[in-house]
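Report on the structure given below.
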Amino acid sequence: MKDQICYDDYQKTASWLLSQTQHRPKVAIICGSGLGMLADALKCQDSFPYSDIPGFPQSTVQGHAGRLVFGELKGKTCVCMQGRFHMYEGHSLCKTTFPVRVFKLLGVETLIVTNAAGSLADSYQVGDIMIIKDHINFPGLAGLNPLNGPNDEKFGPRFPPMSGVYDKDLRKIAFDLCKSMGVSQFIQEGVYCMVGGPNFESIAEARLLHRLGVDAVGMSTAPEVVVATHCGMRVFGLSLITNKVVKSYNDTEAVNHEAVLEVSKLRSQTLQMLVTELVSRMDINNNTT
Ligand SMILES: O=P(O)(O)O[C@@H]1C[C@H](O)[C@@H](CO)O1
């Protein structure tokens, strides 16, 4: 796929998908590392390997199956990415965020992003779920932004604001749900920071992020949220804390991707229930055809 992607490219992929499924999703869910089981809750599924979808990039990371799944969560039509694209895989940022604009053209109004992340906040524990309040987009601050290049006004404005993008009402609903599900003891709310990866952080980098007020760090999400916000979507995000980022020179433990995937399994049911209940409470009009 070429690096500069134009409106027609997104449109071609969207039209192909609309010709292959009767589902007309209003909600899109992006599954983080090891969190692909979020799609298992969808009823009446139509699923497409990324390799079959014209124009779609391919997943290369373990724990990212590479399938787009359409279906219903408690009667609300959704589309779910089992596997996302990361900058470190060698994709340009417009490729990593390609599906988000396709979702917009499918009629999606709300994007739910999930990710696996390491915690910097001292009070967080492995297995905690962080409702994302805001993000720091490190690659974006350094000029690596999916919106670089000519702006397509069909999607949104040249200079989109990024304040208050993680929807307050959805965050409140999620908190209340966690209370009623009896899981508030491991729910946090905080700031997610995207770094480029693929290496995990050095101790000095971890200390820098900690000083900056970062609660959790990962290698994705921010570009997808930037593109979704640019084209007017409502955004909700969850980070699963899969490890504590090493901040001390006395600490002999080191994180690895396999451990990240193990912890993802541990909280899979809770995350699935939370996302399902949240979607069921969303105020959306469902068109099934
Ligand atoms: O896709 P996400 O952000 O959940 O993946 C995280 C960041 C790296 O891709 C990987 C590291 O284990 O998990």
Side-chain angles (χ1 to χ4, degrees), residues 28-39 50 56-69 80-93 95-100 111-120 124 126-132 134-140 144 146 166 188 190-202 205-206 209 214-228 235-246 253-268 270-272 274-275:
I29 302 161
I30 302 181
C31 302
S33 282
L35 299 174
M37 75 298 154
L38 287 173
Y50 292 163
F56 236 64
Q58 304 306 310
S59 285
T60 66
V61 184
Q62 192 198 349
H64 291 262
R67 250 168 26 122
L68 194 61
V69 185
C80 190
M81 280 178 75
Q82 275 186 322
R84 65 148 55 85
F85 310 113
H86 307 85
M87 202 171 74
Y88 64 75
E89 292 173 80
H91 300 299
S92 67
L93 281 168
K95 280 191 205 167
T96 65
T97 55
F98 180 82
V100 177
L111 179 69
I112 299 179
V113 281
T114 66
N115 58 59
S119 68
L120 279 312
Y124 287 15
V126 171
D128 281 357
I129 294 170
M130 182 182 88
I131 296 173
I132 306 177
D134 201 353
H135 72 223
I136 296 174
N137 180 7
F138 254 119
L144 283 171
Y166 294 88
Q188 310 282 358
V191 173
Y192 174 87
C193 175
M194 182 204 177
V195 293
N199 61 275
F200 292 104
E201 296 65 43
S202 71
E205 287 164 348
L209 295 176
V214 170
D215 296 302
V217 59
M219 306 174 194
S220 66
T221 302
E224 296 151 359
V225 170
V226 166
V227 168
V235 173
F236 176 78
L238 292 174
S239 293
L240 175 62
I241 304 302
T242 52
N243 57 285
K244 283 178 164 244
V245 179
V246 178
E253 293 221 347
V255 61
N256 61 71
H257 187 56
E258 289 64 37
V260 166
L261 297 181
E262 271 307 305
V263 178
S264 303
K265 269 193 231 151
L266 181 83
R267 283 283 181 256
S268 59
T270 308
L271 273 166
Q272 204 182 66
L274 177 54
V275 170

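Numbering of ligands and ligand atoms starts at 1, following listing order. These figures come from a predicted structure and were not determined experimentally. One is the number of the first residue; the rest follow in order along the sequence.
Between the side chain of Tyr50 and the main chain of Gly83, a donor-acceptor pair closer than 3.5 Å is present.
Qualifying ring-ring contact (aromatic ring centres under 6.0 Å, His included) partners for His91, counting only residues two or more places apart in sequence or in other chains: Phe85. Under the salt bridge (charged side-chain N to carboxylate O under 4.0 Å, His left out) criterion, Glu205 pairs with no residue, sequence neighbours left out. Listed by chain and number, the residues in a ring-ring contact (aromatic ring centres under 6.0 Å, His included) with Tyr166 are His135 (sequence neighbours excluded).
For the residue pair Asn115/Thr221, the side-chain donor-acceptor check at 3.5 Å is satisfied.
Among protein residues, Gly32, Ser33, His64, Arg84, His86, Tyr88, Asn115, Ala116, Phe200, Met219, Ser220, His257, Val260 come within 4.0 Å of ligand 1, judged on heavy atoms.
Within 6.0 Å of CD on Glu253 lie no more than 12 heavy atoms contributed by other residues, nucleotides or ligands.
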